[in-house]
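Before any comments, here is the structure.
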Amino acid sequence: MAHPKRRQSSTRRDKRRTHYKIEAPQLAIDKTSGEAHLYHRAHWADGKLYYKGKVVLENVQEVTE
C-alpha cells in the first residue's frame, strides 16, 4: 500500500475543508401561536410551551410569602 512520504500540513488540510459550510436550519411556523421554531422541538411563546400546536406547559409563577 502507498503511504504519504510527508505529513500534510494543517494549512493544506484546512484549505480542503473550506468547502464544508454550515446551512441555516429549516424553520416551521406554529399553527396556533404563529411563532417560528425548529422542527420537532417545543418552543416558548406568550409564556406557554407549545409542541405540535398544542400547549404542553404554562409558565406559572408561584407567590412565596
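- The structure places OG of Ser9 at 7.5 Å from NZ of Lys15, a figure rounded to the nearest 0.5 Å.
- At most 12 heavy atoms of other shown residues, nucleotides or ligands fall within 6.0 angstrom of atom CG in Asp46.
- Residue Tyr51 holds its OH atom at 7.0 Å from NE2 of His40, rounded to the nearest 0.5 Å.
- For the pair Gly53 and Thr32, the tightest heavy-atom approach, listed with the atom from each and the gap, is O-OG1, 2.6 Å.
- With rounding to the nearest 0.5 Å, the separation of NZ in Lys54 from NZ in Lys31 is 9.0 Å.
- Nearest approach of Ile29 to Gly34, heavy atoms of both residues: CG2-O, 3.9 Å.
- In the displayed structure, Arg12 atom CZ is contacted under 6.0 Å by at most 12 heavy atoms of other residues, nucleotides or ligands.
- The environment of CZ in Arg13 is crowded: more than 12 heavy-atom neighbours from other residues, nucleotides or ligands sit within 6.0 Å.
- Atom NZ of residue Lys52 and atom CG of residue Asp30 lie 12.5 Å apart, to the nearest 0.5 angstrom.
- Here the closest heavy-atom approach between residue Leu27 and residue Ala36 is recorded as CD1-CB, 4.3 Å.
- Rounded to the nearest 0.5 Å, atoms CG (Leu57) and CH2 (Trp44) are 4.5 Å apart.
- Rounding to the nearest 0.5 Å gives a distance of 13.0 Å between CD of Glu35 and NZ of Lys48.
- When every heavy atom of Tyr50 is checked against every heavy atom of Val56, the shortest pair comes out as C-CG2, 4.3 Å.
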